[in-house]
Visitor: 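To start, I am sharing the structure in question, which I have written as structure tokens.
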Amino acid sequence: MSAHSNYQAIIASPLGPLGIVSRNEALCRIDFLPEDTALSPPADAAARRAAAQLRRYFGEPGWSFSLPLRPAGTPFQQSVWRQLQQIPAGQTRSYGHIARALDSGPRAVGNACRANPLPIVIPCHRVVAANGPGGYAGRTEGRNMEIKRWLLAHEGIAP
DNA sequence: TTAGGTAGTCTCG
DNA sequence: CGAGACTACCTAA
């Protein structure tokens, strides 16, 4: 949810417009915006870098991001998001796998993934259930899941 | 297939 | 603060 945010950039992508929020030279949030959202060019260097790397990822599925990130979250969420960043493009991990690495539980990991403010860059789409696709951005069906499937297919991961 | 377990966060009061 | 409810789950039977 993010109704009326002011974005440092709104860029086009194969998944529709993406809103980019940066603060103090670091990337803070990425939102999937409605199809009819007007684009706007990067307003600062951080947004420009993020936009460039996102475009590169969409053209080159194996690309891994290198950006200063400052996602807001609890200490536990931060630790989960750090784990997610260790997953290489084209690979997946299960919620349980991440949970064991943090000595936590699978549902807690799912909760933290749901709270990820930096989709695509922090690759929560690479986290799937032991038997099933899991969810995306809080939903287990609909457009969010289409986005998750698109990202996995983009990286060559079969459904 | 389901029943129960689990960890973190949110919501009331 | 405390109790309970709510999850993008997992395992055993």
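Lettering of chains follows the sequences in order, A, B, ..., and the numbering in each one begins at 1. These numbers come from the heavy atoms of this one structure, side chains and all, not from hydrogens, waters or symmetry mates.
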Visitor: Taking the side chain as every heavy atom from C-beta outward, state whether A:P133 and A:M145 have any atom pair closer than 4.5 Å.
Guide: yes
Visitor: Side-chain N or O of A:S104 less than 4.0 angstrom from OP1 or OP2 on B:dT6?
Guide: no
Visitor: Using whole Å, what does the distance between atom C1' of nucleotide C:dC9 and atom CZ of A:R114 come to?
Guide: 12 Å
Visitor: Quote, to the nearest angstrom, the C1' distance that separates B:dT6 from C:dC6.
Guide: 13 Å
Visitor: Nearest-Å distance, CD (A:Q78) to P (B:dG8)?
Guide: 15 Å
Visitor: Looking at the side chain of A:R107, which of B:dT9, B:dG5, B:dG8 is the nearest nucleotide?
Guide: B:dG5
Visitor: Starting at atom CD of A:Q77, determine the distance to atom C1' of B:dA7, rounded to an integer number of angstrom.
Guide: 13 Å
Visitor: Distance criterion of 3.5 Å, no angle test: do you see the side chain of A:N111 paired donor-to-acceptor with the base of C:dT7?
Guide: yes
Visitor: If I pick the P atom on B:dG4 and the same atom on C:dA8, what distance separates them, to the nearest angstrom?
Guide: 22 Å
Visitor: Classify A:A137 by what it touches in the nucleic acid, base, sugar-phosphate, or nothing, heavy-atom distance under 4.0 Å.
Guide: base
Visitor: Would A:V21 and A:N6 count as a side-chain contact (heavy atoms from CB on, under 4.5 Å) here? Give the steps.
Guide: CA-CA 8 Å; A:V21 178; A:N6 67 327; over 6 Å; no
Visitor: Checking all strands, does A:G135 fall into the base, sugar-phosphate, or nothing category for heavy-atom contacts under 4.0 angstrom?
Guide: base
Visitor: Given the rule in the side-chain contact (heavy atoms from CB on, under 4.5 Å) test, do A:L18 and A:L33 qualify, once you have shown the distances and angles that lead to the verdict?
Guide: CA-CA 6 Å; A:L18 300 179; A:L33 300 175; over 6 Å; no
Visitor: With both distances under 3.5 angstrom, what nucleotide forms a Watson-Crick or G-U wobble pair with B:dT6?
Guide: none
Visitor: Show me the protein contacts with nucleotides 10-13 of chain C, counting only N or O atoms at under 3.5 Å.
Guide:
unit_1: C:dC10; atom_1: OP1; unit_2: A:G96; atom_2: N; d: 3.2
unit_1: C:dC10; atom_1: OP1; unit_2: A:A130; atom_2: N; d: 3.4
unit_1: C:dC10; atom_1: OP2; unit_2: A:A130; atom_2: N; d: 2.7

Visitor: Whole angstroms only, please: what is the CZ-C1' distance between A:F76 and C:dA8?
Guide: 13 Å
Visitor: Could you pull out every donor-acceptor pair under 3.5 Å between side chains of residues 99-114 of chain A and any protein atom, sequence neighbours left out?
Guide:
unit_1: A:N111; atom_1: OD1; unit_2: A:R114; atom_2: NH2; d: 3.0

Visitor: Please walk me through it: do A:Y136 and A:E141 pass side-chain hydrogen bond (donor to acceptor under 3.5 Å, both in side chains)?
Guide: CA-CA 8 Å; A:Y136 198 67; A:E141 57 183 2; over 6 Å; no
Visitor: Paired with C:dG2: which nucleotide, if any, by Watson-Crick or G-U wobble criteria at under 3.5 Å for both distances?
Guide: B:dC12
Visitor: Whole angstroms only, please: what is the CD1-P distance between A:I98 and C:dT7?
Guide: 22 Å
Visitor: Quickly work out the A:N116 CG to C:dT7 C1' distance and round it to whole Å.
Guide: 16 Å
Visitor: Evaluate the side-chain proximity of A:I120 to A:F32: yes if any heavy-atom separation is below 4.5 Å, no if none is.
Guide: yes
Visitor: Show your reasoning for whether side-chain contact (heavy atoms from CB on, under 4.5 Å) applies to A:F58 and A:L15.
Guide: CA-CA 10 Å; A:F58 286 116; A:L15 298 168; 4.0 Å; yes
